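The structure presented is a predicted model; accordingly, all values stated were derived computationally and were not measured.
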Amino acid sequence: MTLPWNVKRRFTEAINTHDVQRVVEFFSPDAVFVSPSGVAEGREQIAWVYEQFFKGFPDFRLIPWYEVFDCDEPMVAEWTVTGTHTGPFLLPDGRVIEATGRRITIRGSCASFIENGKITTHREYFDQLELYTQLGLCLTEPSTVS
C-alpha cells in the first residue's frame with residue numbers, strides 16, 4: 001500500500017473518532033472539500049463541515065468497503081455512513097433540522113488528491129435525497145387539497 005493510502009486510512013480513523021482537529025490536520029492549509037452540500041475551502045471551513053455532521057449524528061461512522069488500489073491519483077473509495085440523528089443538523093439551504101431520532105445508512109464515494117502527505121482536494125459524492133428521505137424530509141412542502 002502506498003503512502004497516500006495510509007494517509008487516507010488514518011483520515012478515516014480520525015473521522016470515526018470525531019476528532020475534528022485531527023481530521024483537518026490531514027488537509028493542506030488551502031485544501032478544497034467538495035460535497036453535494038457545497039464547497040469548503042481551507043481547514044477552518046472543512047472543520048466546520050465535519051462539526052455539522054458530528055453534531056447532528058453523534059454516532060456518525062464511515063465504513064469504506066471498496067478502494068481502487070491500482071491508481072493513486074485520484075484515490076477513489078466507496079463507503080457507507082451510518083448514524084442516528086440525535087442533534088441539530090444544518091441543511092445546505094441554511095435551515096436546521098432538529099433531532100428526529102432516525103437512523104441513516106448512506107452510500108457514497110469519494111475521490112482524494114494527496115500531495116506531500118496532505119489532502120489537497122477531497123470530493124464526496126452521495127445522494128442527498130437518500131439522506132433526506134431517511135430523515136423524513138420532503139423536497140417540497142406538502143400541498144393542501146380542498
Looking only at heavy atoms, what is the nearest atom pair of [X] and [Y], with distance?
X      : Y      : value
Tyr132 : Pro92  : OH-CD, 3.0 Å
His18  : Pro58  : CE1-O, 2.8 Å
Pro88  : Val96  : CB-CG1, 3.7 Å
Val68  : Trp5   : O-CZ2, 3.2 Å
Thr105 : Glu130 : O-OE2, 4.0 Å
Lys118 : Ser28  : CB-N, 3.7 Å

Pair Phe53, Phe89 - check side-chain contact (heavy atoms from CB on, under 4.5 Å), show working. CA-CA 7 Å; Phe53 274 102; Phe89 182 60; 3.7 Å; yes
Any chance the side chains of Thr84 and Arg103 put a donor and an acceptor closer than 3.5 Å? yes
Any chance you could measure [X], atom [atom1], to [Y], atom [atom2], to the nearest 0.5 Å?
X      : Y      : atom1 : atom2 : value
Ile46  : Ser35  : CD1   : OG    : 10.5 Å
Thr133 : Asp127 : OG1   : CG    : 7.5 Å
Glu115 : Thr120 : CD    : OG1   : 4.5 Å
Lys8   : Ile119 : NZ    : CD1   : 6.5 Å
Arg61  : Thr80  : CZ    : OG1   : 11.5 Å
Thr82  : Leu62  : OG1   : CG    : 9.0 Å

Is there side-chain contact between [X] and [Y], with at least one heavy-atom pair below 4.5 Å?
X      : Y      : value
Glu124 : Phe33  : yes
Ser37  : Val49  : no
His122 : Phe26  : no
Gln134 : Ile106 : yes

Does a side-chain N-to-carboxylate-O contact under 4.0 Å join Arg9 and Glu67? yes
In the hydrophobic clustering that connects Ile, Leu, Val, Met, Phe, Trp and Tyr at side-chain heavy-atom distances below 4.5 Å, which members other than Val34 occupy its cluster, ordered by chain and number? Val32, Val39
Val76-Trp65 co-clustered via ILVMFWY side chain contacts under 4.5 Å: yes
Are Val23 and Trp48 in one and the same hydrophobic cluster, where Ile, Leu, Val, Met, Phe, Trp and Tyr link if side-chain heavy atoms are under 4.5 Å apart? yes
Do the rings of Phe11 and Phe27 sit parallel, tilted or perpendicular, given the 30° and 60° boundaries? perpendicular
Test side-chain contact (heavy atoms from CB on, under 4.5 Å) applied to Phe60 and Ile15, step by step: CA-CA 8 Å; Phe60 183 97; Ile15 290 170; 3.7 Å; yes
Between Phe113 and Arg123, does a side-chain contact (heavy atoms from CB on, under 4.5 Å) hold up when you go through it step by step? CA-CA 9 Å; Phe113 291 86; Arg123 298 181 188 128; 3.5 Å; yes
